[in-house]
Structure formats: structure tokens, C-alpha cells
Amino acid sequence: MLDIQTLRNDLAGVAARLKTRGFELDTAKFEQLEAERKTIQTRTQELQARRNAASKLIGQAKAKGEDVSAIMAEVSVLGDELKKYESILPQTLQEIDAFLAEIPNVPHASVPIGKSEADNVETHKFGEPKKFDFEVQDHVSIGEGLGGLDFDTASKISGARFSLLKGPLARLHRALAQFMLDTHTEQHGYTETYVPYLVNADSMRGTGQLPKFEADLFRVTARPSANALTKMIQPETTQFEDIGSFYLIPTAEVPVTNMVRDEIVALEKLPMKFVAHTPCFRSEAGSYGRDTRGMIRQHQFEKVELVQMVHPEQSYAALEALLGHAEVILQKLGLPYRVVKLCTGDMGFSAATTYDIEVWLPAQNTYREISSCSNFEAFQARRMQARFRNAAGKPELLHTLNGSGLAVGRTLVAVLENYQNADGSVTIPDVLRLYMGGMEKLSK
RNA sequence: GGAAGCGUGGCCGAGCGGUUGAAGGCACCGGUCUUGAAAACCGGCAACGAUGCGAGUCGUUCGUGAGUUCGAAUCUCACCGCUUCCGCCA
């Protein structure tokens with residue numbers, strides 16, 4: 001969420017910056033809502049002040065045993081108008097809030113202007129795509145050849161966009177996650193966390209998935225109590241999602257970042273650095289026909305996520321560091337990759353700056369996203385009311401960042417494809433052998 | 001699933017329907033004292049919002065939402081969350 005003060009002070013400026021990411025800010029609507037709000041709010045507060053003053057007088061008079069009927073008559077006249085204003089003010093404030101909740105973050109000044117993926121800017125590269133002296137197979141053929149990857153059974157059990165791993169391949173998948181967690185906790189100073197995978201609507205709003213992107217999420221509904229159920233069907237209830245239902249997390253960013261929702265943390269607690277290994281669930285609505293083969297795009301996948309809560313002055317340095325932490329995993333695995341800085345038009349809703357790490361996939365003869373590292377500045381913190389007490393002793397919004405370190409399923413894909421041999425076997429990268437009981441190669 | 005209890009400021013914890021934004025304590029900040037520190041003592045210290053150039057003024061907030069009242073932290077109802085006991089259960 002953007003700061004409403006900034007919108008009031010520099011509406012045109014904000015609109016111009018949002019336009020670079022393809023968002024048309026309805027400035028006329030904002031101005032109209034603000035004008036309404038101002039008259040309603042000042043009138044309401046004026047009436048409240050008069051009522052409060054009169055009530056105070058009544059209290060004082062009664063204490064002295066004086067007659068209060070005259071003042072009482074006077075106050076009761078205020079009643080109707082005040083009631084009217086007190087009922088429309090929250091509606092107006094809610095409209096403004098809803099309007100603000102759907103505005104994406106303003107891109108940082110350093111973000112390249114562009115419309116799509118094609119305008120992203122490569123910042124650096126690691127490694128050289130390996131030359132193969134045989135026809136490369138994609139991860140599906142390799143995995144099926146090894147007898148450890150079975151999409152038919154997965155689709156029987158659940159449907160499309162699910163995968164099933166068996167034997168050493170399942171173990172390799174687990175090994176990758178363990179390796180990533182250990183690296184981040186032992187070498188990069190992150191605290192390991194285990195978090196809920198089902199979260200409430202407030203948490204989804206906090207990190208920006210709601211209200212705009214509900215279609216991307218899976219919602220599960222617990223059996224509500226009879227009373228909650230009747231409340232749900234009352235027309236005035238607008239908070240259906242808050243009663244008896246949860247959302248499956250699309251990323252660990254949601255539960256981990258929300259640890260600081262509605263908190264004021266001590267200055268010396270910053271920066272906070274957490275890592276979590278969780279499954280992620282995404283509906284992938286709107287991506288029909290994309291990446292239908294293999295385990296690139298799934299409804300359920302594993303990810304090791306890095307999250308930081310930092311002092312506002314530190315957030316850009318922290319983003320560079322966090323990106324580096326994710327890169328280390330690929331370096332240790334010996335997987336070629338490149339880093340791109342996303343252009344204004346390609347960034348996610350909540351991000352002010354995003355770097356994507358793309359790993360080389362020989363079978364696709366291209367780089368594919370395996371990590372996304374973003375600085376959200378105060379955008380999420382403002383939604384969450386996540387603050388710290390600054391040097392002056394005043395609460396101030398902190399900055400949040402996160403990045404995949406890395407997407408486990410896609411890393412498995414990259415290992416299979418980059419380490420494949422002519423005979424269909426796959427060499428296990430050195431750093432993983434410890435986690436594989438010393439195994440050096442996957443073969444049939 | 002059954003029964004009982006509880007939700008107050010950064011934290012703990014008081015609070016007869018009427019100057020209660022809320023006692024007290026802790027933490028924190030400033031000062032006195034001290035060679036320095038600690039202790040002791042004195043003082044300060046909620047958040048959010050509106051308005052104003054500003055000092056300030058006003059409003060809202062005691063889990064959430066409705067209600068009663070001139071006036072609600074305090075009374076009524078519903079919901080949410082937490083705790084404990086019983087049952088069931090990985």
C-alpha cells in the first residue's frame with residue numbers, strides 16, 4: 001500500500017511513476033473520494049466534539065446534584081445527524097482503503113523502464129552453458145528414464161500440474177532443500193523457521209496477495225460453526241473470507257513476513273533474517289497451455305525462501321546481499337545462470353525492485369527463472385503495520401525483502417538437465433553427495 | 001465434540017457507566033549524585049487520524065462488530081482468538 005500522504009501531496013507524480021509499470025491511476029476518482037472524505041470527516045468530528053463537551057458537562061452537573069434536563073435536551077438534538085455521519089464515514093474510509101489496496105508499488109528510480117520481459121536488463125552471468133556431444137534430453141525424459149518421475153500417476157491422484165517423485169530422485173529433491181537450508185543458516189546468518197501453510201486473509205492482505213489476486217490462490221474452508229454460518233449469509237457481512245476459511249500459501253513469504261504484522265520491534269532487533277522451506281500452492285489460473293510438460297509450473301512445489309525485515313536505510317544493500325545468498329546456491333551446484341533486473345512493466349504488484357535469477361536449461365536452450373529477489377520497501381510493512389522503534393523512539397515502518405533461495409523443483413530440473421550423461425544417467429553435484437549417502441550418480 | 005475461563009498501552013497489570021487515554025510496575029529517554037558505572041532520587045514517555053505554516057486544537061482506539069445510553073474499557077448480544085480440563089486423534 002502506498003502512503004496516502006504522498007498521493008495527496010504529489011498525485012500527478014505518483015501517477016506518472018505508476019504509468020511506467022502499466023498502471024493507470026484513476027486520479028479523478030481519488031480526488032473525488034478525498035473531497036468526500038474531507039467534508040464528511042470534519043463534520044463528523046465536529047459533531048462528536050460537541051457531544052463530548054456536552055456529555056462532560058452533564059457528568060459534572062450531576063456530580064454537583066444540579067438539574068441536567070436542559071443540557072440533555074440540547075445534546076439529543078445532535079443525535080440524528082451524528083448517527084448519519086458516523087455511519088457514512090467508515091464507508092467512505094473503506095472506499096479509500098479499497099482504492100489504495102489495489103494500487104501497486106511505485107518502482108524504485110533505478111528500475112529500467114519497460115513493458116515486458118523483453119525489456120528486462122541482464123546485470124551479470126555465472127558459468128558457461130555446457131556443450132553436450134550428444135542429443136540432450138529434457139528433465140521429463142531423464143526422470144522417466146530413471147524411473148523416478150511419474151506424471152501419469154500424479155494426474156491420476158490429483159490432476160494436471162502435479163508431479164510424483166520416487167526413489168533416488170525423491171531423495172535428490174529432498175537433498176536440494178536440505179543443502180539450501182544448511183547453506184543459508186550456517187553461512188548467511190538466517191534463522192530457520194517452520195511456519196503454517198494455511199494462513200488467514202489478514203496475512204494475505206499484508207503481503208499483497210489479497211484483495212487483487214485471490215484467483216491465484218487456493219482457499220480451503222473449514223466447517224464453520226452454526227452461528228458463523230448464519231452470519232455469513234447475512235447480507236451485511238462482507239468478510240466471508242475471514243470466517244472459517246484459510247488460504248494455502250503461494251510462497252513462504254506470506255507466513256514469514258507476517259511474523260512482524262502489527263508489531264513494533266526494537267531497533268537493535270534489525271535486521272531480521274529468516275529462511276523457511278515450505279510447499280507452495282498456486283492455482284496457475286491464466287497460465288493454461290504454458291509449461292504444461294514437466295515440473296516447471298505446478299500447483300504444488302517446494303521452495304526455500306529468504307525473508308528480511310530491515311531498517312529503511314539498509315534495504316537496498318540488503319537486497320544486493322540477499323541476491324548474493326541465492327546466487328551462492330547455484331554457484332555451489334555449478335549451474336550456469338544469469339541475473340536480470342526486472343523492468344517496470346514486469347515487476348510484481350508489491351515490489352519496488354526485483355532481480356530474477358535465471359538458470360540455464362539445456363533442453364530448452366534458454367535461461368529460466370529459478371529465483372526472484374525483491375525489495376518491497378515499506379509497501380508490505382504499511383499494509384501490515386510492521387514497524388520498528390527508531391533512534392528518536394518513534395515507531396517507523398520497516399522495509400521487507402524476500403527472495404527464493406531457491407525454488408526446489410526447478411533446481412531439480414536444472415540439475416537433471418545440466419548433469420545428464422549420454423547413457424541417461426545423471427551425475428550428482430559434489431555438494432549434494434553428502435546428502436545422498438555418498439551416491440555419485442543416478443542411473444537406472 | 002463437551003465444560004470453564006480470559007482478551008486493557010512496547011511488556012506486565014489495575015480499573016463503582018461520568019475530566020479514565022486509562023492507576024501502579026517494568027522497559028526506554030533526560031537530569032541529579034558518582035572518578036566511571038551501578039544503585040538511589042527527580043522528570044518525561046501510547047498509537048493512529050483530521051486540521052493548521054506553526055505552537056496547538058479536535059477526533060478515534062481497552063480482541064472485532066452490532067446494541068443500550070446524553071455519555072461505555074466498564075452493561076447486552078454475536079463473532080474471532082487464546083488458555084485450562086474431559087473426550088477423540090498424528
Side-chain angles (χ1 to χ4, degrees), chain A residues 1 3-9 33-83 85-97 100 194 196-203 205 221-246 258 260-270 378 381-398:
Chain A
M1 189 146 64
D3 185 2
I4 193 165
Q5 300 293 355
T6 317
L7 286 168
R8 286 178 188 147
N9 297 336
L33 283 172
E34 261 292 286
E36 262 174 48
R37 190 223 93 230
K38 196 162 177 170
T39 50
I40 294 168
Q41 186 163 17
T42 48
R43 183 65 184 149
T44 307
Q45 296 190 354
E46 185 190 323
L47 290 166
Q48 285 172 331
R50 280 165 63 186
R51 179 207 54 199
N52 290 348
S55 293
K56 202 175 250 182
L57 280 181
I58 293 173
Q60 287 169 350
K62 268 199 165 174
K64 291 185 214 150
E66 295 168 3
D67 177 46
V68 294
S69 54
I71 325 176
M72 295 267 274
E74 203 176 297
V75 196
S76 40
V77 176
L78 293 176
D80 284 346
E81 197 187 357
L82 183 58
K83 262 207 173 99
Y85 275 100
E86 281 187 335
S87 72
I88 54 175
L89 177 61
Q91 291 171 22
T92 310
L93 293 176
Q94 249 172 44
E95 273 181 64
I96 293 181
D97 200 61
L100 290 177
Y194 169 79
Y197 304 155
L198 293 169
V199 302
N200 57 34
D202 282 340
S203 293
R205 268 190 287 271
T221 304
R223 190 167 66 86
S225 68
N227 274 329
L229 203 62
T230 48
K231 190 170 185 178
M232 257 189 240
I233 44 184
Q234 301 293 321
E236 72 267 21
T237 305
T238 53
Q239 44 179 355
F240 171 81
E241 75 270 19
D242 292 349
I243 301 174
S245 73
F246 295 107
N258 273 281
V260 292
R261 173 154 53 86
D262 295 322
E263 298 286 333
I264 301 177
V265 304
L267 181 61
E268 55 276 13
K269 289 258 176 68
L270 300 180
R382 187 169 294 109
R383 290 172 162 245
M384 290 191 297
Q385 283 303 298
R387 295 167 293 175
F388 68 102
R389 207 168 279 284
N390 65 22
K394 289 290 158 202
E396 183 180 335
L397 294 170
L398 46 75

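Every heavy atom of this structure was used, including side-chain atoms; hydrogens, water molecules and symmetry mates were not. Residue numbering restarts at 1 for every chain, and letters A, B, ... go by the order of the sequence lines.
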If [N] has a Watson-Crick or G-U wobble mate with both distances under 3.5 Å, name it; if not, just say none.
N: B:G1; result: B:C86
N: B:U51; result: B:G56
N: B:A73; result: none
N: B:G7; result: B:C80
N: B:C28; result: B:G44

In whole Å, what is the span from the [atom1] atom of [X] to the [atom2] atom of [N]?
X: A:Ile264; N: B:U61; atom1: CD1; atom2: C1'; value: 14 Å
X: A:Arg387; N: B:G9; atom1: CZ; atom2: P; value: 13 Å
X: A:Arg389; N: B:C48; atom1: CZ; atom2: C1'; value: 13 Å
X: A:Gln41; N: B:U60; atom1: CD; atom2: P; value: 11 Å
X: A:Glu46; N: B:U60; atom1: CD; atom2: C1'; value: 17 Å
X: A:Asp202; N: B:G65; atom1: CG; atom2: P; value: 12 Å
X: A:Asp97; N: B:C48; atom1: CG; atom2: P; value: 16 Å
X: A:Gln48; N: B:U57; atom1: CD; atom2: P; value: 18 Å

Give me the distance, rounded to whole Å, that separates [N] from [M] when you measure between the [atom1] atoms they each carry.
N: B:U83; M: B:U34; atom1: C1'; answer: 48 Å
N: B:U20; M: B:A73; atom1: P; answer: 13 Å
N: B:C45; M: B:U51; atom1: P; answer: 26 Å
N: B:C26; M: B:G81; atom1: C1'; answer: 26 Å
N: B:G36; M: B:C16; atom1: P; answer: 48 Å
N: B:G1; M: B:U69; atom1: C1'; answer: 40 Å
N: B:C88; M: B:C77; atom1: P; answer: 33 Å

Expected rows: protein N/O vs nucleotides 67-71 of chain B N/O, under 3.5 Å:
residue : atom : partner : partner atom : Å
B:C70   : O2'  : A:Ser55 : OG           : 3.1
B:G71   : O4'  : A:Ser55 : OG           : 3.2

**Prompt:** Side chains of A:Ser55 and A:Asn52: is there a donor and an acceptor less than 3.5 Å apart?
**Reply:**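 No pair is found: no donor N or O on one side chain lies under 3.5 Å from an acceptor on the other.
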Once you apply a heavy-atom cut-off of 4.0 Å, does [X] come out as touching a base, just sugar-phosphate, or nothing?
X: A:Arg8; value: sugar-phosphate
X: A:Lys394; value: sugar-phosphate
X: A:Glu86; value: nothing

**Asked** So do A:Gln48 and A:Thr44 actually touch side chain to side chain, heavy atoms under 4.5 Å?
**Response** yes
**Message:** I want to check something: taking the side chain as every heavy atom from C-beta on, are A:Gln45 and A:Thr42 in contact at a cut-off of under 4.5 Å?
**Reply:** no
**Asked** Looking at NZ of A:Lys269 and CG of A:Leu398, how far apart are the two atoms once the value is rounded to the nearest 0.5 Å?
**Response** 12.5 Å
**Prompt:** Is the shortest side-chain N/O distance from A:Lys38 to OP1 or OP2 of B:U51 below 4.0 Å?
**Reply:**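 Yes.
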**Request:** Would you name the heavy atoms of A:Ala54 and A:Val75 that are closest together and state the gap between them?
**Result:** CB-CG2, 3.4 Å
**Request:** Provide the full list of salt bridge (Lys or Arg N to Asp or Glu O under 4.0 Å) pairs with a residue in residues 385-398 of chain A, sequence neighbours left out, each pair given once.
**Result:** none
